[in-house]
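All remarks here apply to the structure that follows.
Everything numeric here is computed off the predicted structure, so don't read it as measured data.
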Amino acid sequence: MARAGLTAERLTQAGAELADQVGFDKVTVSALARRFGVKDASLYSHLKNSQDLKTRIALLALVELADRVAAALAGRAGKDALVAFANAYRDYAREHPGRYAAARLRLDPETAAASAGGRHARMTRAILRGYDLTEPDQTHAVRLLGSVFHGYVSLEMAGGFSHSAPGSEESWSRALDALDALLRNWPAP
């Protein structure tokens with residue numbers, strides 16, 4: 001019998017909060033059960049296993065991140081859109097490190113297709129319309145932006161830029177300037 005008050009949605013939200021506190025890799029059904037002061041078995045009427053919990057957290061994170069980026073992009077184009085997208089992405093990662101890690105979880109093809117991941121790709125491509133790129137260069141640019149944003153944020157969160165001048169904010173701003181210049185002057189094949 002399901003414990004009163006526990007739902008898959010409540011457990012997913014609590015799992016996301018736990019991920020932000022202790023790290024996504026440490027989120028398990030057992031850890032979540034301890035948080036609620038119940039036995040593991042109490043959660044299995046709502047969750048299949050720890051992988052199901054992690055997948056749910058990943059899906060939640062993808063929606064939250066897509067919503068944040070969409071709000072940031074509203075009414076923007078060109079470099080303004082690029083900067084708004086990048087800053088929303090970076091801010092989410094900094095505010096929700098566990099959820100950000102969850103958003104990187106490899107999903108099975110069916111789950112991925114039904115996730116908010118497609119929204120992320122469409123928003124990235126929308127930014128690129130301001131740079132007049134056609135295929136296959138648009139796909140190359142989507143991959144480049146994702147790589148730069150994720151790489152920078154991951155290194156920054158790991159403390160990789162905290163030991164030298166100039167500060168990380170200045171480097172971030174310069175990186176976005178460089179991406180804008182590259183996208184405006186995309187090299188011919």
Side-chain angles (χ1 to χ4, degrees), residues 1-73 85-127 138-161:
M1 183 164 127
R3 184 175 170 97
L6 293 182
T7 64
E9 293 76 23
R10 185 168 178 219
L11 294 171
T12 301
Q13 186 65 42
E17 292 166 9
L18 183 62
D20 287 339
Q21 293 166 2
V22 302
F24 183 61
D25 59 327
K26 293 182 176 76
V27 173
T28 63
V29 171
S30 294
L32 195 57
R34 284 191 300 275
R35 187 178 186 101
F36 281 97
V38 299
K39 297 198 181 298
D40 295 10
S42 300
L43 305 187
Y44 286 117
S45 59
H46 306 288
L47 303 167
K48 294 176 193 168
N49 51 39
S50 288
Q51 186 60 41
D52 179 41
L53 173 61
K54 287 187 172 199
T55 298
R56 290 171 182 271
I57 296 168
L59 295 172
L60 172 68
L62 286 168
V63 167
E64 288 177 345
L65 184 53
D67 289 347
R68 182 175 289 202
V69 169
L73 285 177
F85 183 107
N87 286 334
Y89 183 95
R90 181 178 180 223
D91 291 346
Y92 183 83
R94 293 161 109 184
E95 292 167 26
H96 300 289
R99 294 175 211 213
Y100 175 74
R104 313 268 59 85
L105 182 70
R106 185 181 189 116
L107 302 171
D108 67 75
E110 185 177 315
T111 303
S115 77
R119 285 178 60 200
H120 292 267
R122 287 188 298 278
M123 287 187 285
T124 306
R125 287 180 184 279
I127 290 169
Q138 193 175 84
T139 296
H140 298 315
V142 166
R143 292 173 180 165
L144 172 69
L145 292 177
S147 298
V148 170
F149 298 160
H150 176 66
Y152 195 96
V153 166
S154 296
L155 289 168
E156 182 180 46
M157 289 172 53
F161 305 136

If the condition is salt bridge (charged side-chain N to carboxylate O under 4.0 Å, His left out), which residues does E95 pass it with, not counting sequence neighbours? R68
Side-chain contact, heavy-atom cut-off 4.5 Å: F149 with R90? no
How many angstroms lie between atom OG1 of T28 and atom CG of L47, to the nearest 0.5 angstrom? 11.0 Å
When the side chains of residues 31-41 are checked against the rest of the protein, which donor-acceptor pairs come out under 3.5 Å, sequence neighbours left out?
residue	atom	partner	partner atom	Å
R35	NH1	Q21	OE1	3.0
D40	OD2	S30	OG	2.5

T111 side chain to L107 backbone, donor-acceptor under 3.5 Å: no
Within residues 115-127 or reaching into it, pairs that qualify as salt bridge (Lys or Arg N to Asp or Glu O under 4.0 Å) - sequence neighbours excluded: D67-R119, R125-E135
Please confirm whether the backbone N or O of L11 pairs with a side-chain atom of H46, one donor and one acceptor, at under 3.5 Å? no
Donor-acceptor pair, H96 side chain versus D20 backbone, under 3.5 Å? no
Check ring pair (Phe, Tyr, Trp, His ring centres under 6.0 Å) between Y152 and all other residues, then give those that pass, not counting sequence neighbours. F161, W172
May I ask you to test the L59-T12 pair for a side-chain heavy-atom distance under 4.5 Å? no
All pairs passing salt bridge (Lys or Arg N to Asp or Glu O under 4.0 Å) where residues 50-64 contributes a residue, at least two apart: D52-R56, E64-R99
Step by step, would you call E17 with Q13 a side chain to side chain contact (heavy atoms under 4.5 Å, CB included)? CA-CA 6 Å; E17 292 166 9; Q13 186 65 42; 3.6 Å; yes
Who pairs with S154 by side-chain contact (heavy atoms from CB on, under 4.5 Å), at least two apart in sequence or on another chain? Y100, H150
